[in-house]
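Just so we're on the same page: letters track the sequence lines, and every chain starts at 1.
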Amino acid sequence: MADELSRQTAHPDILEQSDLSLLETLDHVLNRGIVIAGEITISVADVDLIFLGLNVLLTSTETARDVLNRRAGAAATEHGGDD
Amino acid sequence: MTTRRAKEDEGGSQGGGRLSRSSSGGDTRGGAEAGGFYVYCVGAREELAHLFGEGLPEAIEPDAPLELVAGGELAAVASAVPLSDYGEEKLTARLADPEWIAVRAMRHERVVEHFARRAGIAPLRFGTIYLRREGVERMLAGRRDELRAAVSRLRGREEWGVNVYCDRAKLLERIVELSPRLRGLSERASTLPPGRAYLLRKQVDARRADEAREELARATEEIERRLGAASEAGVRLRVSSAEAAERRELAAKFAFLVERARFAEFRAAAEELAREREGAGLRLELAGPLPAYSFVAGS
């Protein structure tokens, strides 16, 4: 796995490779995935609105900063046992 | 022509969020500690059970651990959430708070990623809550066939995003060489007397923008087709307005379902396309891997 990772990053930069942005990740989690109507179902209609609101607030609490920034790190370490 | 995924404007949701309760919900008061079950993903019971012996990521509310709720040969990854926070009244207020939603959405994502990397799972959309454990069990039984099909289709496969960026100035500059029609016209102009050549060149200039748009459409279609052939499925995604504002050159977004064993092939196909289209001002970006949220429904 680590092998595969280094192979990917060693590639010439004709093809960029990145982690998903926060907005893309939110779009995924909030807009896609199997829809199962639970007994309580939260539906987030407008990811843009969330994101714009978030941009304003992004630095307001440390916990939020921590959680929102952690994804990149988690994706990079293939074994992910970071907590 | 664009094929943007239609996005219905669901009115009346001030914070961007809305919540609904099914009639079967009922009141939970009277229980010791009123709690619900938040569900992240569904997979094969035995496969998931093995993963519960190892370290697990934090749940949507970090003070409650992840749990496995089994139903037949399927199981759901879930965790307890306090109804004091996730109950109707409080949740409505929470949904007006972008940070509250984003933090929970990210924790949901991390849980799903953890299991997707290690097992065949079907990811649930953010926000599915049951009032009791039995509700989750009932759901597993009631949607058994659909869930089993989704889990087996997604096993060993990951979602990769492909973003196509276009440097429009560069494309406009190159379009006369790239478009056979414009190239023909401009070659003819060079053989004509000045007056008629001028008029023809005017025509060429006037058609540049249209031709550039068509060239971009052709290129994105080809990207979709060739990467579709190197993967199990592909879908074109909507470019949100927030994203368009942030990344002005973003011309198209796709998601592909890629078998892990075929990733090198997929990547090579993307690289080849990037190389071919570089001269026309196009850039490709690969983002992922992600759990296959975009491919949970049958193709």
Any chance you could measure [X], atom [atom1], to [Y], atom [atom2], to the nearest 0.5 Å?
X	Y	atom1	atom2	value
A:Arg32	B:Leu237	CZ	CG	4.5 Å
B:Glu285	A:Leu15	CD	CG	9.0 Å
A:Asp27	B:Ser240	CG	OG	6.5 Å
A:Ile36	B:Glu146	CD1	CD	6.5 Å
A:Thr25	B:Glu113	OG1	CD	7.5 Å
A:Ile14	B:Leu273	CD1	CG	10.5 Å

| request: Specify which of B:Ala122, B:Gly36, B:Ser294, B:Ala292 makes the most heavy-atom pairs with chain A at under 4.5 Å. | output: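 Most pairs with chain A among the choices: B:Ser294.
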One option among B:His108, B:Arg143, B:Met139 has the most heavy-atom pairs under 4.5 Å with chain A, and it is B:Arg143
* side-chain contact (heavy atoms from CB on, under 4.5 Å) assessment of A:Leu22 paired with B:Met106 -> CA-CA 9 Å; A:Leu22 176 60; B:Met106 216 48 115; 2.8 Å; yes
* Measuring heavy-atom distances to chain B, does A:Leu23 have an atom under 4.5 Å in its side chain, in its backbone, in both, or in neither? ->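 For A:Leu23, side-chain heavy atoms alone lie under 4.5 Å from chain B.
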Exercise. Scan B:Val42, B:Val39, B:Val296 and name whichever one has a side-chain contact (heavy atoms from CB on, under 4.5 Å) with A:Ile34.
Key: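 Result: among B:Val42, B:Val39, B:Val296, B:Val296 is the only option passing the side-chain contact (heavy atoms from CB on, under 4.5 Å) with A:Ile34.
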Heavy-atom cut-off 4.5 Å, strictly under: side chain, backbone, both or neither for [X] against chain A?
X	answer
B:Glu278	side chain
B:Glu159	side chain
B:Ala150	side chain

For B:Gly288 and A:Leu20, the nearest pair of non-hydrogen atoms, with its separation, is N-CD1, 3.6 Å
Heavy-atom nearest pair, A:Val29 first then B:Ala105, reads CG1-O, 3.7 Å
- Message: So, using salt bridge (Lys or Arg N to Asp or Glu O under 4.0 Å) as the criterion, who are the partners of B:Arg94 when residues are at least two apart?
- Response: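 Scan of B:Arg94 (salt bridge (Lys or Arg N to Asp or Glu O under 4.0 Å), adjacent residues dropped) gives B:Asp85.
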A:Glu24 meets the salt bridge (Lys or Arg N to Asp or Glu O under 4.0 Å) criterion, sequence neighbours left out, with B:Arg247, B:Lys253
Please evaluate residues A:Ile40 and B:Leu83 with respect to the criterion side-chain contact (heavy atoms from CB on, under 4.5 Å), reporting the C-alpha separation (whole Å), side-chain torsions for both, the decisive distance (0.1 Å), and the verdict. CA-CA 10 Å; A:Ile40 299 173; B:Leu83 287 182; 4.1 Å; yes
Margin query: Any non-hydrogen side-chain atom of A:Ile42 less than 4.5 Å from a side-chain atom of B:Ile101?
Written below: no
